[in-house]
Amino acid sequence: MLKVENVTKYYGDFLAVDNLSFTVKPGEIFGLLGVNGAGKTTTFRMIMGLLDPTKGKITLDGKKIDYDITDKIGFLTEERSLLTKMTVKEQCLFYGTLKGMNKKEILKRLDELLERFEIPEYKDKKIKELSKGNQQKVQFITAILNDPKLLILDEPFSGLDPFNIELFKNEIVEMSNRGSMIIFSSHRMEHVELFCKKLVVMLKGKSVLDGYLSDIKEQYRKKNILIKGDVKKKELEQIDGVVEVIEKADEFEVKIEEQKVASKVFEVISNHKKITKFVVEEPSLNEIFVAKVGENYDK
Amino acid sequence: MTSKLNYLIGVSLKRKIKTKWFVIANIILGIIIAGIINIDSIIMLFGGDFNNKVPLYVIDETGVSYELFESQIKETDINLAGKEEGSYEIKKYDKSLEEAKKEIEEDNKIIVILLQEDKQNTLKATILSDSFLDTLDTQVLTSAINTVKVALALSNSSISAEEIESIYRNATIERVYLDETKKSEDENMEIIVTTVFPIVILPFFMLTIFLVQMIGAEVNDEKTTRGMEIIISNVSPKTHFFAKVIAGNLFVLFQGLLLVLFVLLGFFIRQMIGGNSIVNGLGSEVSKIIANLGETGIASKFIYIIPLSLLLMILTFVAYSLLAGILASMTTNTEDFQQLQTPIIIISLIGYYLAMMAGVFEGATFIKILGFVPLISAILAPSLLVLGQFGVIEFMIAIMLVIITNWLLIKYGLRIYKVGILNYSSSGLWKKMFKALKTKE
């Protein structure tokens, strides 16, 4: 289990991470979210042992993270961390050897992963000759080459088309099923919603929201109602407790203050004869993120 | 740690050596070096007029002066111009002066000497040429004519043949040096050092640039691609730093060895073309310097000069590579490093020029002090040792100072390196580095 306990990091006088705590259990996919400069990269660097926390401690299976443990960690950085003059094979041999793997092991695993990511023909190509998406695939391969116990993914879907996102998604889920701990960071909340059961939202180094996604959504009082029928926008707006009404192509999205407002809305529209849809939905993670970050931004 | 260190060294070397550009650059270097060594043969291969001797036509109206003049010209040519093989093609000219003038019109290199009897001065000479004469030619001709004149005057006097021979015999000159450490053979040492040394130390200067550039480019490549984050999460900055330094030094030693091989190849080709003597045909000046090297006694000093100089150079390569690694870690891109490497190259250049000036400013305290300064000493101290301005003890002090510098660079530089390699911003850079210096391991 990865345990981040009351971790604080200062760069000189600048507070980058403030008393952050969370745990990731084997098989869990954990979301570490935040706007730019929230302290995500610093947190990743501290987990990787690249930086020492000013206060607090980080342990993996009860041990402090050092060069004896990093062989079991995979790291995919937000920027392309590939030496572009190398071929795919050379790059994987380089990073794999640094992870303590032997040549035979690396080449076997590389062939397997290149097949799985549908790029076996690029094995001897120089990385700089590959497209952005294929470079991202190679970077992902280098991160999971050692079948890590802990995998850190910083914006893993950058530069990928929906088809390749699906490939990555399947691999991540499979690794989680095999018991790997995965920390996932993305600005795309729909991606986070796809896998993460647990998350932390960071702002200015602090955690502003944390816990299981289902609990967060449940605790978030505002809901959305989707209505399709002969109802008028103005009519909906006049209901007490309705925050906003968004008119979409063939339906209305009604944002309400809390669950009990839904019955008032239902009462109003039940007078209409042509209502074909009435669905009360949980808010999206994106909405919660924007609301939470917005509300804490100026504090 | 050792296996990862060895692996990183291997990867660094492979990235530098196993490239087509390394092979191409060395093929070009090999051709250029072998070509320079055989440049005279190459020039001659393309044809042209290679007879540099000046045709000298002598019209001897005295009837007794020609033989004496001819021998005097040869002797003066050796004494004044130092040319054993002679600079002139002397010919007794039997035709008239008018015809000689026509010959000059046809070949403007010809010089005509008209020797006539003169009642007052015994000998009168006229020198005819198309244009101005070279100062050295004028000196040689004038000296020979005057000697002939004195000889003729003496032969007309009542002085005996033995006395005349005694007059012409060279005076016995004995050189005495009050400084007992000085020998007459060492008198030409300055000229040898200023001529030979720049050629010998040029590869060191060249290799220093290679070394600094290699380390800077590699560290920056890994930093700018953020590959550094993955590398440093698996090996310590210390291992990474040492891997770069060791790989850089192994590379320059290999490149240095290749340069030596190219030189040997050049001389081998020279021997194949020119016969037994490697020196043969290099030009009288170069031949004389190489011949003097044997006479001066430097050769016997080589037994300790070469190993000591090599040791100092290798230690200095280490110092340059440590410095390059530290500076590269502080920069955020290759362009910044290129700017930062300029002072390093200038330091090396200062050493290069001072080494050449050491022979001219013999005993200069300033140059002697700089001979101890690490980074510069690798070039300057060996030249001072050859000149006798540095003894073995002083040289050993210079070596010790480089060792101390390397130790300090490792101890404090590593602290900067650890912070620098993961720093991507140039704002507050010096503050960060000074803070890193204060941080203990």
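In the text below, chain A, chain B and the rest are named by the order of the sequence lines, each starting its count at 1.
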Over 12 non-hydrogen atoms of neighbours within 6.0 angstrom of NZ in A:K123: yes
Segment of B:L8 engaging chain A (4.5 angstrom heavy-atom cut-off): side chain
Reference residue B:S233; test side-chain contact (heavy atoms from CB on, under 4.5 Å); the match among A:I47, A:I65, A:L50: A:L50
A:E78 and B:R226 ion-paired at < 4.0 Å: no
Interatomic distance, B:I230 atom CD1 to A:I73 atom CD1 [nearest 0.5 angstrom]: 11.0 Å
Atom OH of B:Y424: over 12 foreign heavy atoms under 6.0 Å: yes
Taking every non-hydrogen atom, the tightest pair across A:F94 and B:Y7: CA-OH, 3.2 Å
Residues of residues 333-346 of chain B within contact distance of chain A, non-hydrogen under 4.5 Å: none
Toward chain B, the part of A:L82 with a non-hydrogen atom under 4.5 Å: backbone
B:T225 OG1 to A:R80 CZ distance, which is reported to the nearest 0.5 Å: 12.0 Å
Check: A:T77 and B:M228 side chains under 4.5 Å, non-hydrogen atoms: no
Pairwise distance CZ(B:R15) to CE(A:M86) - rounded to 0.5 angstrom: 4.5 Å
Heavy atoms from other residues, nucleotides or ligands near CE of B:M400 exceed 12 (cutoff 6.0 Å): no
Residue among A:M48, A:E79, A:Q139 with most heavy-atom pairs under 4.5 Å to chain B: A:E79
From OH (A:Y67) to CD1 (B:I232), nearest 0.5 Å: 5.5 Å
Heavy-atom contact with chain A under 4.5 Å, split by part of B:V235: both
Leading residue by heavy atom contact count with chain B [cutoff under 4.5 Å; candidates A:L93, A:L83, A:T97]: A:T97
Listed partners of A:K72 passing salt bridge (Lys or Arg N to Asp or Glu O under 4.0 Å), at least two apart: none
Stepwise side chain to side chain contact (heavy atoms under 4.5 Å, CB included) check, A:R45 with B:L422: CA-CA 10 Å; A:R45 283 182 169 193; B:L422 293 173; 4.2 Å; yes
B:N234 side chain reached by A:Y95 side chain, heavy atoms, under 4.5 Å: no
Presence of salt bridge, A:D71 and B:K4, under 4.0 angstrom: yes
Distance, nearest 0.5 Å, that separates NE2 of B:H240 from CG of A:L98: 9.0 Å
